[in-house]
Every structure is written in C-alpha cells, then in structure tokens.
Amino acid sequence: AGRNHLIFRLEDSSGNKQEQIGINRKTQEQPMQFTATVIFNKELTPGYWHMRASAPATFAQADPGQFVMVRVSAAIDPLLRRPLAVLDAGMLPPEQAKPGQEAFFDMLYHVVGKGTGILAQAAPGSAIEVLGPLGKGFDLGKPDEEKLLVGGGIGLAPLYLLARTLLQQKAETVHVFAGGRSREDVLFFDEFEQLGAHCHAATNDGSFGEKGFVTVPLAQQLDQLKGRAATIFACGPEPMLRAVAKMATERGVPCQVSLEGYMACGVGACLACVTPGRNHSEATPDFRCVCTEGPVFDVNDLQWEQHA
C-alpha cells in the first residue's frame, strides 16, 4: 500500500506552500498537509473537547465520515499524529479568512492520553500540523428514505456533518440515536436537534434518555419502518457496531459503519489499521485498510466474527 503514495509540494496563487501527501489510487484524492490556526478550543463536558481550526478553501468540501491526522506537538514525543474525525467543515466569514486559510474544520476529541492532553492545551491562535481530509466517507444514498444515524460517545463526531449534509439535501427523515455511559458522554445532542434531526438518547446509567444501550431506541424505530426504505449509519465502540450490524443484517436494512483503527500514518503506508474483510481466512487473507479503504465500510464487506 505504501507504494501508492507520493509526497509533493504545491504553491498556491497567494504564495502559500502546502504539502500534499499520498495519492489514493482508488479515489484519486490528494490529502493536504498544512498548518492550521486554532480558532477556538473548549471543553464541552469533563474530558471532551471541541476544537475549530482554519484550513485551505478546498477543505470545505470534505465528505462526511472523513478524518484528519493531527500532529499535536513539534517535539519528538509524542511522535505519531492523532486521527480525529471531521465534525464539521465550511468557509470562514470573510473577516476571519486569511490567504490560504479561507475554510474551517471542527473536531471533537476525548482526552485519554498524552497526545490529546497536549491538544487540549492549544490556545486560540496557536498552530497545529494537519494532514487531511483522509479516507472514504459515507455514501449518502437516496433522499427518499429514512436515515438512521447511530453514535456512541465520541463516535457521534463524524455523524454531525453527515446529518447536516443529509438535511441540506432534503432527506425525508433523519434520526439520530446518541448513546453513552452517562449524560456527559452524549455529545452535541442539542446541536443535532438544532439541525432539525429527530434525536433519541440512551445512557447506561439512565441519566439522559432511556436507560440502557442505544440499540434499544434504534430497534424501536426499525420496528416502526413497516417496509419503508432506510439506511443505518453508525460510529462508536466496537461492541455497539457489532450489535448494530447484526440488527441491520437480520432486518435487511443497508448499514454503513465508521471504524476506529490504531493509525500511525493515515495514508495506507504502515498497515497498522487493517481489519478483516468478508472473505478473510488464514488460507486467504482479506484485510481492509481502515485509513484508505475506510474508515466507512458497508457492513457486508467486513467479517464480524473477527471483531468479536
């Protein structure tokens, strides 16, 4: 996979140099490496942060489900970039835009270690190194079907841009099913409602929405379809994804899942993030690269027994 990627530098009309790394030959996409300026970085609930940063104008066209690789420090430690989903993207107001930084992108992240701890200290105006947008996003499908978006914890992040895009394209109905251990883990719920999505919540401790797993309200909605067309889009912990995939398969409902993988490069060179495909066996290995062939997959393209 590493042979499919090149490194080259571009200079735009304003003289700003940007580095583009990696040509994914399947999509012909050319992710950019650029220096972003932090616009804001705020804690939403304990340990969960929302950051907005500047980007080149072309970043505004990022697909729902794509991600970025962020270098959190110029120091050697931590060495590897951190993969973070694109929460939202668009053009900055003219008064905020600068040459080469006409767009913005948002990220939600959970502070769980040294890298994200450093990221939480980034103040407005500080610089971060970014590679992206990366990966294959969601297939939006047909507008005349119900869209069922299922997210657990930080897995809600890539679903916001998806919900906004679907609603802008006049999707018939968009439901968002948000789950977490407690209320603090259910992120961006009010923002999803403000978009116009029908929102349902479930928490393990019952502190917000139904008590139990988010698959409970999802199952209730699936039972109410009564033959109407629908597609499920899911991102979250692997046990949740397995449960959603099982429900979708049993009911014959198309389903796409966004996987999280341990990524070192984000461009398919290191193969650290591979996951078993549907035809995988010891005799005939079938691995899918999460960062380039995903992170979004059709559930039928994966071998879920290997995810148990």
Side-chain angles (χ1 to χ4, degrees), residues 38-53 55 59-60 62-68 70 82-90 103-112 116 119-120 122 124 132-133 137-138 140 147-169 171 173-210 213-215 217-218 221 232-237 240-241 244 256-260 295-296:
V38 176
I39 298 172
F40 64 73
N41 189 24
K42 58 186 180 182
E43 192 172 24
L44 300 179
T45 64
Y48 291 101
W49 289 71
H50 176 199
M51 176 184 285
R52 172 168 292 178
F59 202 109
D63 294 329
Q66 289 191 295
F67 68 98
V68 293
V70 179
R82 296 304 187 264
L84 297 171
V86 176
L87 169 72
D88 199 8
F104 73 89
F105 69 99
D106 288 14
M107 302 175 288
L108 285 182
Y109 61 97
H110 188 198
V111 176
V112 294
T116 46
L119 196 61
F138 293 103
L140 303 184
K147 311 294 185 180
L148 310 178
L149 283 56
V150 190
I154 203 68
L156 286 160
L159 301 182
Y160 182 79
L161 180 56
L162 174 63
R164 182 169 70 78
T165 303
L166 290 170
L167 288 163
Q168 287 176 342
Q169 295 187 356
T173 309
V174 176
H175 291 268
V176 174
F177 301 86
R181 292 184 300 272
S182 65
R183 177 65 182 94
E184 294 177 346
D185 302 303
V186 180
L187 308 172
F188 249 59
F189 193 84
D190 293 342
E191 287 80 357
F192 278 110
E193 287 191 321
Q194 290 166 10
L195 288 177
H198 300 271
C199 296
H200 318 260
T203 49
N204 294 3
D205 62 4
S207 58
F208 187 60
E210 295 193 36
F213 296 132
V214 72
T215 47
L218 173 63
Q221 187 62 36
I232 300 172
F233 308 84
C235 183
M240 186 205 84
L241 294 183
V244 171
Q256 302 169 41
V257 294
S258 178
L259 300 184
E260 295 181 359
V296 177

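Both backbone and side-chain heavy atoms feed into the values below; hydrogens, waters and symmetry mates do not.
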In this structure, NE2 of His198 is separated from CD of Glu193 (nearest 0.5 Å) by 10.5 Å
Could you tell me if the side chain of Phe67 sits less than 4.5 Å from the side chain of Leu84, heavy atoms only?
no
With sequence neighbours excluded, tell me which residues meet ring-ring contact (aromatic ring centres under 6.0 Å, His included) with Phe208.
Phe189
Using every non-hydrogen atom in the two residues, find where Ala234 and Val244 come nearest and quote the distance to one decimal.
CB-CG1, 4.0 Å
What's the spacing between Ile232 CD1 and Leu149 CG if we round to 0.5 Å?
10.0 Å
Rounded to the nearest 0.5 Å, how far does CG of Leu241 lie from OG1 of Thr215?
11.5 Å
Just list the side-chain donor-acceptor pairs under 3.5 Å for residues 158-168, sequence neighbours left out, or say none.
{"from": "Arg164", "atom 1": "NE", "to": "Asp88", "atom 2": "OD1", "distance (Å)": "3.0"}
{"from": "Arg164", "atom 1": "NH2", "to": "Asp88", "atom 2": "OD1", "distance (Å)": "2.7"}
{"from": "Arg164", "atom 1": "NH2", "to": "Ala89", "atom 2": "O", "distance (Å)": "3.0"}
{"from": "Thr165", "atom 1": "OG1", "to": "Leu161", "atom 2": "O", "distance (Å)": "2.7"}

Using a 3.5 Å distance criterion without hydrogens, assess whether the side chain of Thr203 forms a donor-acceptor pair with backbone atoms of Gly206.
yes
What distance separates His175 NE2 from Lys147 NZ, expressed to the nearest 0.5 Å?
12.0 Å
Between Leu156 and Gly151 the two heavy atoms that sit nearest each other are CD2-CA, 3.7 Å
Looking at residues at least two apart in the chain, or sitting in another chain, which of them share a side-chain contact (heavy atoms from CB on, under 4.5 Å) with Ser182?
Glu184, Asp185, Asp205, Ser207
Does Glu191 reach the main-chain N or O of Leu195 with its side chain, forming a donor-acceptor pair under 3.5 Å?
no
Can you tell me how the ring of Phe192 sits relative to the ring of Phe188, calling it parallel under 30°, perpendicular over 60° and tilted otherwise?
perpendicular
Residues that Pro237 engages under side-chain contact (heavy atoms from CB on, under 4.5 Å), provided they are two or more places apart:
Pro239, Met240
Where do Gln66 and Asp63 come nearest, in terms of heavy atoms and distance?
OE1-N, 2.9 Å
Euclidean distance, Ile154 CD1 relative to Trp49 CH2, rounded to 0.5 Å:
13.0 Å
Which donor-acceptor pairs under 3.5 Å do side chains of residues 105-112 form with protein atoms, sequence neighbours excluded?
{"from": "Asp106", "atom 1": "OD1", "to": "Arg52", "atom 2": "NE", "distance (Å)": "2.7"}
{"from": "Asp106", "atom 1": "OD2", "to": "His50", "atom 2": "NE2", "distance (Å)": "3.0"}
{"from": "Asp106", "atom 1": "OD2", "to": "Arg52", "atom 2": "NE", "distance (Å)": "3.4"}
{"from": "Asp106", "atom 1": "OD2", "to": "Arg52", "atom 2": "NH2", "distance (Å)": "3.0"}
{"from": "Tyr109", "atom 1": "OH", "to": "Asn41", "atom 2": "OD1", "distance (Å)": "2.9"}
{"from": "Tyr109", "atom 1": "OH", "to": "Asn41", "atom 2": "ND2", "distance (Å)": "3.3"}
{"from": "Tyr109", "atom 1": "OH", "to": "Leu119", "atom 2": "O", "distance (Å)": "3.3"}
{"from": "Tyr109", "atom 1": "OH", "to": "Ala120", "atom 2": "N", "distance (Å)": "3.4"}

How many angstroms lie between OG in Ser258 and CZ in Phe233, if you round to the nearest 0.5 Å?
12.0 Å
Show the nearest heavy-atom pair for residues Leu187 and Gly153, with the distance to one decimal.
CD1-O, 4.0 Å
Are Val86 and Phe59 side-chain neighbours, meaning at least one heavy-atom pair lies under 4.5 Å?
yes
Sorted by chain and residue number, the side-chain contact (heavy atoms from CB on, under 4.5 Å) partners of Glu210 (sequence neighbours excluded) come out as Ala202, Val216, Pro217, Gln220
